[in-house]
K.L.:
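The structure's right below; bear with me while I get my questions together.
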Amino acid sequence: PKVSQVNKMEDAVANRDLGGDLKAQVGSINEEMALYRDGKRKVQEKLSELMESRKEQLGDLPKIIEERDAIGKKIAEKVQERNALRDDFRAKEREFNQHLAEQRKLRQEKAMEER
């Protein structure tokens with residue numbers, strides 16, 4: 001078994017193509033790479049054309065988006081201001097209601113004393 005395996009390996013080594021024409025292979029690979037580079041360049045040109053046409057279609061949209069964002073920020077500020085005012089009002093309202101409750105309690109105690 002080992003002898004036959006060694007013979008097979010020797011045959012494989014003897015029949016192996018050492019790439020005798022490496023320069024031709026390199027040349028053909030370089031030609032193929034040039035074709036791929038050319039194709040890539042064409043695709044990039046087409047992509048840039050499409051992107052440019054898209055920018056033209058959009059027109060003033062980026063400016064409109066900026067305005068929308070600015071208005072949204074102003075609205076958020078106003079909402080915060082409104083919430084602060086409401087919280088302040090609620091605090092004063094609670095304080096007033098506590099005062100009224102104290103007044104009622106005093107009147108009730110006074111009425112109980114008079115009875």
Side-chain angles (χ1 to χ4, degrees):
K2 290 288 184 185
V3 173
S4 64
Q5 188 177 10
V6 169
N7 286 336
K8 285 181 187 176
M9 288 179 158
E10 286 178 353
D11 289 340
V13 168
N15 292 335
R16 189 172 64 181
D17 182 21
L18 297 175
D21 198 12
L22 289 177
K23 286 188 178 183
Q25 287 180 351
V26 168
S28 67
I29 290 173
N30 284 338
E31 289 175 12
E32 193 176 341
M33 289 295 290
L35 289 174
Y36 289 137
R37 283 189 207 106
D38 188 41
K40 181 181 176 185
R41 186 171 19 82
K42 288 179 183 176
V43 169
Q44 285 179 334
E45 288 173 3
K46 181 68 175 170
L47 178 65
S48 62
E49 288 176 19
L50 289 173
M51 289 178 70
E52 193 66 34
S53 67
R54 180 69 177 152
K55 282 183 184 177
E56 291 173 6
Q57 286 177 355
L58 291 177
D60 293 339
L61 189 63
K63 188 169 70 172
I64 293 170
I65 290 173
E66 286 179 20
E67 291 175 5
R68 182 190 67 188
D69 291 343
I71 291 170
K73 287 180 183 177
K74 288 180 183 177
I75 289 173
E77 290 173 4
K78 292 294 182 182
V79 166
Q80 286 180 341
E81 183 180 333
R82 181 193 67 193
N83 289 343
L85 288 172
R86 183 181 60 213
D87 292 344
D88 189 36
F89 175 76
R90 294 284 186 237
K92 289 180 180 179
E93 188 178 38
R94 278 192 297 274
E95 195 176 301
F96 179 70
N97 286 335
Q98 285 177 351
H99 175 71
L100 287 180
E102 288 175 17
Q103 294 287 329
R104 273 189 239 112
K105 186 177 179 182
L106 288 175
R107 270 190 253 130
Q108 188 179 11
E109 288 175 0
K110 189 175 181 182
M112 292 298 283
E113 287 177 8
E114 290 176 0
R115 287 184 184 174

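Fair warning: this is a prediction, and the values are worked out from it, not measured in the lab. Throughout, residue positions are numbered sequentially from 1 according to the sequence presented.
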K.L.:
With a cut-off of 6.0 Å (strictly less than), are more than 12 heavy atoms of other residues, nucleotides or ligands near CZ of Arg86?
P.N.:
yes
K.L.:
Checking side chain to side chain contact (heavy atoms under 4.5 Å, CB included) between Val79 and each of Arg82, Glu77, Glu81, which is the one that passes?
P.N.:
Arg82
K.L.:
Tell me which donor-acceptor pairs under 3.5 Å the side chains of residues 58-68 have, and how far apart each pair is, sequence neighbours excluded?
P.N.:
none

K.L.:
Answer whether the closest heavy-atom distance between the side chains of Tyr36 and Lys40 falls below 4.5 Å.
P.N.:
no
K.L.:
Are Lys73 and Asp69 close enough for a salt bridge, meaning some N to O gap below 4.0 Å?
P.N.:
no
K.L.:
With a sphere of 6.0 Å drawn around CD of Gln108, does it hold more than 12 non-hydrogen atoms of other residues, nucleotides or ligands?
P.N.:
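At most 12 heavy atoms, drawn from other residues, nucleotides or ligands, come within 6.0 Å of this atom.
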K.L.:
Report all side-chain donor-acceptor pairs from residues 93-107 shorter than 3.5 Å, counting only partners two or more places apart or in another chain.
P.N.:
| from | atom 1 | to | atom 2 | distance (Å) |
| --- | --- | --- | --- | --- |
| Glu93 | OE1 | Arg90 | NH1 | 3.4 |
| Asn97 | ND2 | Glu93 | O | 3.4 |

K.L.:
Less than 4.0 Å between a side-chain N and a carboxylate O, is that true for Asp11 and Lys8?
P.N.:
no
K.L.:
Looking at side-chain heavy atoms only, is the closest gap between Glu10 and Asn7 below 4.5 Å?
P.N.:
yes
K.L.:
Can you tell me how far OG of Ser4 sits from CE of Met9, rounded to the nearest 0.5 angstrom?
P.N.:
10.5 Å
K.L.:
Rounded to the nearest 0.5 Å, how far apart are CE of Met33 and CG of Asn30?
P.N.:
8.0 Å
